[in-house]
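Structure, as structure tokens:
Side chains are part of it too, since the values below use all heavy atoms of this structure and drop only hydrogens, waters and symmetry mates.
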Amino acid sequence: MRLNTLLAATAAAAIMAGAAHAENLKIGASLPITGGLSVSGEKHRRGYELCTKLINDAGGILGRQVELVVSDNRSDTATAINQYERFINVDKVEVVYGTFSSRLTFPVASILSKYNMVHAIPSGGALRIYEQGYKNLFYFQVNAAEYTGKDVAAVIKQLIPAGETPKSVAVVSADDFFANAIEAGLLGQKVKDPATDKEIADLAPGYLSDAGIEVLMQEKWPEEGFNDWLNLANSIKRSGAEMVIGLTASAEEAVQLTRSLKTVGATPKLVYLSQGAQTEFVEGVGKEAADGVLIHTTWHKDVPFESTLAGKPFNNADFVKAFTAEYDVEPDEDSAIPFAVCQGIEQAILGAGTTDNAKMGEWLHARTKDDPVRTVLGRFSWDEVGLPVEKSHIMTQWQDGSLTFVYPTGEFEGVSPFRYPKNGF
Amino acid sequence: MAEILQILILGLALGGVIALMGSGLSLVFGVMRIVNLAHPALIIGGAYITYLAFKTFDIDPIAMLPVAAVAMAAVGVVLYRLLFQREAKSAKYSEMTVLLTFALAMMVEGLLGGLFTNTQRVTSPDYATAAFFIGDVFIPKGQLYAGLVSLAIIAALSLFLKYSRLGYAIRATTQNREAAELLGVNVQFISVLAFAIGIGLAGAAGSLVSFVFSFFPAKHWEWIAMLMSVVVLGGMGSILGTVVGALILSVVAAFVGTWIGATWSTLTFFLALFIILLVRPQGLFGEKPEMA
């Protein structure tokens, strides 16, 4: 009798647990937790996980607890595609979060489009992702990577006295989706769809030409396995360029390049890197070498962005506090961006009142400047291809070991004076 | 002329470090026919030991080299006993070790990621980003020191292999495992010892790598092809060959990177691998493989 009771109780508990489990809102995210992109992939996971935890602590979304399913795609494109297929067809997730990097996002976009999923993209800025005709893409950074140079040029034109601006530049970059996209805008190249060779955009004459800066050297290093940084830095030094643009695809490359420029004794007046806003950058290169390095970013811990989470006000400072409490380290943009994606998805579900991706997509597309999605990266509304409208990069500069923001100058409080020229490394 | 000299210096300095990175791989293959794809992952293990000591106690990476080498050698003993010993008499041993060490590499990467996160790290002693400037030419101190220490370790290893009794035994086992056993060599012990030395060399290389390159757990995938190219060029199992291979390829890659383009410098290693396998599969200093 007692055994029967025990069995019945166990069965009942299992059924109840199953029922409760079925009510969870499953969200899938394929991330490069290992492999070449793992540094940023791991930080993305933290951003998604913290956001999910805070939402669940506040009661979930539409009364349902969120169950985050994260898979490691090992920085591999085919694996990322397979995992999103599996999320949708096997795990039966209702919603997905995007992956990290343009390289992985580009093919994943077609898979998610096939299933009419809302594709909230944390990191995938190459213009050609958005020119494939998919309707539910929403990019959670500033603009396509090709247009990043606009803000670099704005810093040069607006923050450096006329006559003192650099006259020449060495542009070195990773042979990578993201870095190539920024380079295209800086140098005024044509952007083409590699599959069809169709021209997507003609960016001539380019932001550097616009700013009156002559390109003295242009060089690429392979996407993976490059070790000869000193030789590259020596070539940069020998070019005599007054400005160095390093379109690094990862913080690690930014560290390698900067250390090498220091070793060879290069003395450019200005250094701009596309990565390096992470704390590991200053740890890797040292305060002196980092000082004056300009980096574009989407997020900064001191920018007073106001947002909402679980229907309540949740500003950028709250995010920094919660992240630091959870992980015992301050966040950087690699965690803030996925956090914003999670906020955007939550607001879309609440706004649409359902996890029906078509209705979520409609709701997101209906956002405007006055009625935006509010995240720790600021306000978002998107154009028809999914690129954010009216957003500028935050241009940051390492000063005395701290990452300060120096541009835009009139938008927020707390902008630091721009330091120029850079006095060696 | 100064430019050529500069490229030569940078190539040789880098080659010295790569030689040490590859020498353990070569030794382990030479003695035990283990193609250790996990070797670079274990180098990263040594780099993390060094990083921790540098970060926590400000201990110089070169001073930490013996500690990292001994610690990783101990890891090598455990790994050999656990994974390789029982399969040592298998007819398909070398082939099996490829798969086994591939899995090991992924496990080491996962373990390091769990322990240290996937954030990239680098140690920064003052000399890591300093250089001697002589006229128009500079010699990077970090790579110079790393290269010299590498070559000193390899020279010591070569002397040990050539003149010590254990060295004789290791070389005898390398040349003919069965014959060595018949002559009274404890092949089992020698195998453990050689594997431990090989992984110890990975630990030592990790200390030097920690200030020459930045690293994170997944970085090893970028190194394995480069190291295999170096070892194959030199001749699998030949320490001298590994040194020569590393210096040649690093210098050629430096010239290619400067004169043709940085994108092509990495290709130098793969191209060399193809050519050597087609033209001289035993490498520069390896023995010609017996035909089945």
Using non-hydrogen atoms and a 4.5 Å limit, figure out which bit of A:V172 sits close to chain B: side chain, backbone, both or neither.
-> neither

Engaged part of A:D175 at the chain B interface, taking heavy atoms whose separation is under 4.5 Å | side chain

Report yes if the side chains of B:Q6 and A:V264 come closer than 4.5 Å at any heavy-atom pair, otherwise no.
-> no

Most contact-rich option vs chain A, by heavy-atom pairs under 4.5 angstrom, among B:K55, B:E3, B:M106, is B:E3

Chain A contact via B:W264 - which portion, at a heavy-atom distance below 4.5 Å | neither

With the side chain counted from C-beta on, respond yes when B:P217 and A:T34 share a heavy-atom pair under 4.5 Å apart, and no when they do not.
-> no

Expected output: side-chain A:R259 to main-chain B:S124 donor-acceptor under 3.5 Å | no

Minimal heavy-atom distance between B:T263 and A:P222, with the atoms involved, is CA-CD, 3.6 Å

Toward chain A, the part of B:F216 with a non-hydrogen atom under 4.5 Å = side chain

Chain A contact via B:P140 - side chain, backbone, both or neither, heavy atoms under 4.5 Å | both

Tell me, out of A:Q256, A:E42, A:R74, who's got the most heavy-atom pairs with chain B below 4.5 Å.
-> A:Q256

Applying a strict 4.5 Å limit to non-hydrogen atoms, the region of A:E283 in contact with chain B is both

With a 4.5 angstrom heavy-atom cut-off, which part of A:E252 approaches chain B: side chain, backbone, both or neither?
-> both

Under 4.5 Å from a heavy atom of chain A, the part of B:Y127 involved | neither

Chain A contact via B:F269 - side chain, backbone, both or neither, heavy atoms under 4.5 Å | neither

Is the side chain of B:N118 donor-acceptor paired with the backbone N or O of A:I33 at a distance under 3.5 Å, no angle test?
-> yes

If one checks every heavy atom of A:R45 against chain B at 4.5 Å, the contacting part turns out to be neither

Using modelled atom types only, decide if a donor and an acceptor are shared between the side chain of A:E219 and the backbone of B:A262 within a distance under 3.5 Å.
-> yes

Shortest non-hydrogen contact between B:S265 and A:F226, atoms and distance = OG-CE1, 3.4 Å

Highest number of heavy-atom pairs under 4.5 Å with chain B among A:L230, A:D72, A:L37, A:V285 belongs to A:L230

Please name the pair of heavy atoms, one in B:A130 and one in A:T263, separated by the smallest distance, quoted to 0.1 Å.
-> O-CG2, 3.7 Å

Honestly, the part of B:A13 sitting under 4.5 Å from a heavy atom of chain A is neither

What part of B:T123 gets closer than 4.5 Å to chain A, counting heavy atoms only: side chain, backbone, both or neither?
-> backbone

